[in-house]
2 protein chains.
Amino acid sequence: MRSYGQYCSIARALDVVGDRWTLLIVRELLLRGPCRFTDLKNGLPGVATNLLSTRLKELEDAGLISREDAPPPVATVLYALTDDGLALEPVLKALGLWGLRFMDAERPDDAFQARWLAYAPAWFATDADPDAPPAVVQLIASGEEAVIEIGGGEVRARAGRAADPDLVLEGPARAVLGLLTGVIGIDAATGIGLTTRGRAADVLARLRPVG
Amino acid sequence: MRSYGQYCSIARALDVVGDRWTLLIVRELLLRGPCRFTDLKNGLPGVATNLLSTRLKELEDAGLISREDAPPPVATVLYALTDDGLALEPVLKALGLWGLRFMDAERPDDAFQARWLAYAPAWFATDADPDAPPAVVQLIASGEEAVIEIGGGEVRARAGRAADPDLVLEGPARAVLGLLTGVIGIDAATGIGLTTRGRAADVLARLRPVG
DNA sequence: CGGTATCCAATATGATACTG
DNA sequence: CAGTATCATATTGGATACCG
């Protein structure tokens, strides 16, 4: 990307991460941790391999990521965020929080991944009742599965299945994510296809959307 | 910009504001308030008029800005941020804070404006001694002038001159801004050309960089 | 002042093939 | 698997001219 040529920290930041795909690559590295080229490609549906390759070089030159030779079992290169790259987390959080307002439009051919299901509640909701015992919620949205644990004032999340969840939320991504991030209420979520198994009222009352 | 086609709030946000120039247009509207096409053009050195025009239409379609007919004295269209547009302020703050790390490279042909001098201390520094009487600091960097007032726990800023400042900081933008945002110390700033008039130690001790 | 219109250059996309 | 390479096409951006 050509530089904006402005001595302003916002313009400077955009000189580095304003290119198409760049911030989404950082998102993947942030959500996955160090990972391989193919992992990144899978997490970025639609990106061309040559473009991904170019961007990774640019990010390395800018000092945002590093290439590490993985130890024997993997025996390949892992891309990882440096400290400067990790420092973008607040930017992605702010952007993602702002972007929630556009999540009501779920288009039929949108890609969707368990990882994106997981980060939303972890980043955009908190535990309003830190002293209550931890609660585990299984999320199933548009076929993708994630687990959140609410407890100690925080919400933690990961992709996958829980053995014995206190609550299961299942339905279209728009319903599950909308409910968890506070964009819509339980009635509206149910109206667009959410189903619950377990003590929904108790657990959901603890979730407080940030902002 | 073509959509990323991902049901993820970060990708959705970038679908709307990920285009080149878009966030800088929002920056200008945020720093200036409602303003005219020409004002935006002046605040965005390097932007082509057709591109600015296109972006303004896109931003209007996305609901981030509105076009208002200004009252008689001005008699033209004013562009203003809507609530959705104003809500981008945390994004720009996060991006600008992150971008400070690239401000040590000041290129000779960079554009620089008083407004960009003003927002940095206001956004990225706080008053560490809220109970002390307010202090007024005149900034002069690379020929651009701004005033900051430190008091009540906050730092406020505007472009222009102060009648009777407690301190005058003058020098290259890199020195003045670096000092105010905590990137460099007073000795380093002096070393690259900063001059001070007034009680520098007292006033600067009150400035605490955020983050 | 507030834009449109036009043209050229640069970049992105997408497909596919190829290599160690 | 982890890319690099190449090519065709589409879209975008930049510069400039122009106009009500």
Side-chain angles (χ1 to χ4, degrees), chain A residues 1-6 11 14-25 28-29 32 34-62 65-80 109-111, chain B residues 1-6 11 14-25 28-29 32 34-62 65-80 109-111:
Chain A
M1 166 177 283
R2 108 144 32 177
S3 166
Y4 287 107
Q6 301 183 358
L14 291 172
D15 281 346
V16 178
V17 297
D19 266 320
R20 189 162 166 79
W21 291 106
T22 301
L23 279 178
L24 293 186
I25 294 172
E28 285 304 304
L29 288 169
R32 290 173 180 261
C35 59
R36 300 171 300 174
F37 187 90
T38 305
D39 300 327
L40 289 172
K41 184 167 151 48
N42 293 337
L44 297 165
V47 75
T49 56
N50 56 353
L51 187 54
L52 178 54
S53 175
T54 302
R55 289 284 179 276
L56 287 170
K57 279 190 202 73
E58 292 166 348
L59 284 169
E60 193 183 359
D61 289 345
I65 64 174
S66 63
R67 296 164 54 103
E68 304 168 359
D69 288 315
V74 183
T76 183
V77 172
L78 291 183
Y79 295 93
D109 52 351
D110 272 342
Chain B
M1 165 176 284
R2 112 146 23 180
S3 167
Y4 287 106
Q6 301 183 358
L14 291 172
D15 282 346
V16 177
V17 298
D19 266 320
R20 190 162 164 79
W21 291 107
T22 301
L23 279 177
L24 293 185
I25 294 171
E28 284 303 304
L29 288 169
R32 291 173 179 260
C35 59
R36 299 172 301 174
F37 187 91
T38 305
D39 300 326
L40 289 172
K41 183 167 153 46
N42 292 338
L44 298 165
V47 75
T49 55
N50 59 350
L51 189 52
L52 178 54
S53 174
T54 302
R55 288 287 179 274
L56 288 171
K57 280 189 202 74
E58 291 165 348
L59 284 170
E60 193 183 358
D61 289 345
I65 64 174
S66 61
R67 296 164 53 102
E68 305 168 357
D69 289 315
V74 183
T76 182
V77 171
L78 291 183
Y79 296 92
D109 52 349
D110 272 343

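These numbers were taken from a predicted model, which means no experiment stands behind them. Chain naming here is simple, since letters A, B, ... match the order of the sequence lines and numbering starts at 1 in each.
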Would you call the rings of F37(B) and Y79(B) parallel, tilted or perpendicular, taking 30° and 60° as the class edges?
tilted
When the distance from [atom1] of [X] to [atom2] of [N] is rounded to whole Å, what number comes out?
X: R36(A); N: dC1(D); atom1: CZ; atom2: P; result: 7 Å
X: L56(A); N: dA2(D); atom1: CG; atom2: P; result: 12 Å
X: K41(A); N: dG14(C); atom1: NZ; atom2: P; result: 11 Å
X: L52(A); N: dC1(D); atom1: CG; atom2: C1'; result: 14 Å
X: L51(B); N: dT4(C); atom1: CG; atom2: P; result: 13 Å
X: L24(A); N: dT13(C); atom1: CG; atom2: C1'; result: 16 Å
X: L78(B); N: dG3(C); atom1: CG; atom2: P; result: 11 Å
X: L44(A); N: dT13(C); atom1: CG; atom2: P; result: 12 Å

Evaluate the side-chain proximity of [Y] to [X]: yes if any heavy-atom separation is below 4.5 Å, no if none is.
X: R20(B); Y: R2(A); result: yes
X: L40(A); Y: V47(A); result: no
X: L29(A); Y: C35(A); result: yes
X: D19(A); Y: R55(A); result: yes

Select one nucleotide: of [options], the one nearest the side-chain heavy atoms of [X].
X: R55(B); options: dG13(D), dA2(D), dA5(D); answer: dG13(D)
X: V77(A); options: dG14(D), dT13(C), dG3(D); answer: dG3(D)
X: D19(A); options: dA12(C), dA15(D), dG2(C); answer: dA12(C)
X: R20(A); options: dT16(C), dG13(D), dT13(C); answer: dT13(C)

Any N or O donor-acceptor pair linking the side chain of S53(B) to the base of dT4(C) at under 3.5 Å?
no
Can you find a donor-acceptor pair, distance only, under 3.5 Å between N50(B) side chain and dT6(C) base?
yes
Mapping D39(B) and W21(A) to their closest nucleotides on DNA chain C, which lands nearer the 5' end?
D39(B)
Pick the closest DNA chain C nucleotide for K57(B) and for N42(B) by heavy atoms, then say which residue is nearer the 5' end.
N42(B)
Check whether any side-chain N or O of [X] sits under 4.0 Å from OP1 or OP2 of [N], and answer yes or no.
X: Y4(A); N: dG14(D); result: no
X: R2(B); N: dG14(C); result: yes
X: T38(A); N: dA2(D); result: yes

Using a 4.0 Å heavy-atom cut-off across all strands, classify T49(B) as base, sugar-phosphate, or nothing.
base
